Protein chains: 2
Amino acid sequence: MDSDSFIPDIVVGRLPLYLRTLQRMKQEGQCITSSHELGEKLGISPAQIRKDLSLFGEFGKQGTGYQIDYLVEKLRQILHVDKIWDMVVVGAGDVGHALSRYQGFSDRGFQVVMVFDNDPNKVGLEIGPFQIQSTDLMSQVIREKNIQVALLAVPADQAQEAANRLIEAGIKAILNYAPITLTVPKYVYVQNTDPVTHLQRMSYYLNF
Amino acid sequence: MDSDSFIPDIVVGRLPLYLRTLQRMKQEGQCITSSHELGEKLGISPAQIRKDLSLFGEFGKQGTGYQIDYLVEKLRQILHVDKIWDMVVVGAGDVGHALSRYQGFSDRGFQVVMVFDNDPNKVGLEIGPFQIQSTDLMSQVIREKNIQVALLAVPADQAQEAANRLIEAGIKAILNYAPITLTVPKYVYVQNTDPVTHLQRMSYYLNF
DNA sequence: TAGATTGTTAATCGATTAACAATC
DNA sequence: TAGATTGTTAATCGATTAACAATC
């Protein structure tokens, strides 16, 4: 291991999958696993899993494998989800609604703390456990609470402008649900989840 | 070009992004673009875009670039979205609800035709423009209508079983919203959209 | 024509895998 | 001990980029 070495982003992208699967094994009462078993479940080669993990340390034991508890803890530290990140939801449509009520965040290092919409008719309405806030207050709240993560669920033609405002207010990571490629500074991280691009990636292989 | 050659999946994965951006340019009235301009918008090198496209044919003109209309049409054919694929939504929770009402499918080659849930208390309720159907009818409907695409939005602990039933009924492509790695035969395509794995990929780079 | 941009080749770069000594 | 599995190196494989002739 060489803890100062550069970690390829493609490796970083696999770590959450390892963590998710390990936590599931743990939940099912399992205590130990191997790169072979984990790879089997994920469709990833055992060698790749060992190589990925070895970039961060030596977490296993020859002849035995990996203690699930310990590896989960290490991965949570590596991915910075050994705390809970506050997030804002921007856009109180159907997607924003689903995100506001999603139960799966808090176990895994995140929580929604506020929901914003620029439609005055929506402001004040209940959405899950939140009251919809005006986007007029957005920058201030983000700055005051030092929020770094945003879930962007506005229509495509408003997404870039909303992203600009979020970044200006200090947001560093955006999970973008709008079907558009955002232009952002290098220090801002974006992940896209447009359902249609995923579908089109599959329809390529389908026959009519 | 060599139309019989194997296309790497990583290339297939970029084509929907090209298509999405080109359709947006078209919508804004633009007629011509270049690999340079497209790459600029997507954060992809011009050489890569030209190379990717050249795997499928010669779509551009030296000195000029690409006719957007023509390239859009070709990409739609390549990705098999020059028709509309029928889809079923499985799971009528918040995510299923958002998917059932999502306005962005039909423009881009897909449409939801039915929504299923195994909760008898939900069956019959309205969800967007649909009535929730019992999963008892699911296999039959999928088979009769020859549906190949499913949006899977059930809780994690029911996802594998639901996937098994879908595959058994003839589903070939699953967009999986459950935070779990599905085990499927090789002829079935799965894309995952777990929001938390995306978030964790970003939190790795964030500082407390 | 001069400038621009394609399609394609060859070179570079990076990621994956095979193999094995170390060791539990 | 014998069997299993790690961490790591070197080899292989694949993807990206640089460069340029062709040509609009």
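In what follows, every chain begins at residue 1, and chains take the letters A, B, ... in the order their sequences are listed. Note that the coordinates shown come from a computational prediction; the quantities given were computed from them, not determined experimentally.
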If you compare every side-chain N and O of A:Tyr66 against the phosphate oxygens of D:dG7 (OP1, OP2), does one of them come in below 4.0 Å? yes
Show, in sequence, the C-alpha distance, side-chain angles and deciding distance for A:Phe105 and A:Ile84, and conclude whether the side chain to side chain contact (heavy atoms under 4.5 Å, CB included) test is met. CA-CA 9 Å; A:Phe105 287 130; A:Ile84 295 201; over 6 Å; no
Which one is paired to C:dG3, where only Watson-Crick or G-U wobble pairs with both distances under 3.5 angstrom count? D:dC24
Along DNA chain D (nearest heavy atom to each residue), the more 5'-positioned of B:Asp9 and A:Gly60: A:Gly60
Whole-Å distance separating the CG atom of B:Leu38 from the P atom of C:dG7: 13 Å
Using atom CD1 of A:Ile7 as one end and atom C1' of C:dA15 as the other, report the distance to the nearest whole Å. 14 Å
Nucleotide of C:dG7, D:dT17, D:dG7 approaching A:Ser54 most closely (side-chain heavy atoms): D:dG7
Per nearest nucleotide of DNA chain C, the residue lying toward the 5' end, B:Thr33 or A:Ile10, is B:Thr33
Pick the nucleotide of DNA chain C nearest each of A:Gly63 and A:Arg50; which residue has the one closer to the 5' end? A:Arg50
Value in whole Å for how far the C1' atom of C:dT23 lies from CD of A:Gln62: 5 Å
For B:Leu53 and C:dG7, what is the distance between atoms CG and P respectively, to the nearest whole Å? 7 Å
Counting only side-chain N and O atoms of A:Thr64, is one of them less than 4.0 Å from OP1 or OP2 of D:dT5? no
With a non-hydrogen cut-off below 4.0 angstrom, is A:Pro46 in contact with a base, only sugar-phosphate, or nothing? nothing
Identified pairing partner of D:dT17, criterion: Watson-Crick or G-U wobble below 3.5 Å: C:dA10
Under 4.0 Å from OP1 or OP2 of C:dT17: is there any side-chain N or O of A:Ser45 that close? yes
Nearest-angstrom distance from the residue atom CG of B:Leu71 to P of C:dT6: 11 Å
Would you kindly give the CG-to-P distance between A:Asp52 and C:dA15, to the nearest whole Å? 10 Å
Keeping A:Gln133 on the side-chain end and A:Asp117 on the backbone end, is there a donor-acceptor pair under 3.5 Å? no
Looking at B:Lys26, B:Gln23, B:Arg24, which one forms a side-chain contact (heavy atoms from CB on, under 4.5 Å) with B:Ile68? B:Lys26
Tell me the interatomic distance from B:Glu37, atom CD, to C:dT5, atom P, rounded to whole angstroms. 10 Å
Should A:Asp194 and B:Arg108 count as an ion pair when the cut-off is N to O under 4.0 Å? yes
Distance (rounded to the nearest 0.5 Å) between B:Met87 CE and B:Leu99 CG: 8.0 Å
Side chain of B:Lys51 - closest among D:dT8, C:dC24, C:dT8: C:dT8
Nearest-Å distance for atom pair CD/P, residues A:Glu58 and D:dT9: 11 Å
Can you tell which of D:dT16, C:dT16, C:dT6 lies closest to the side chain of A:Arg14? C:dT16
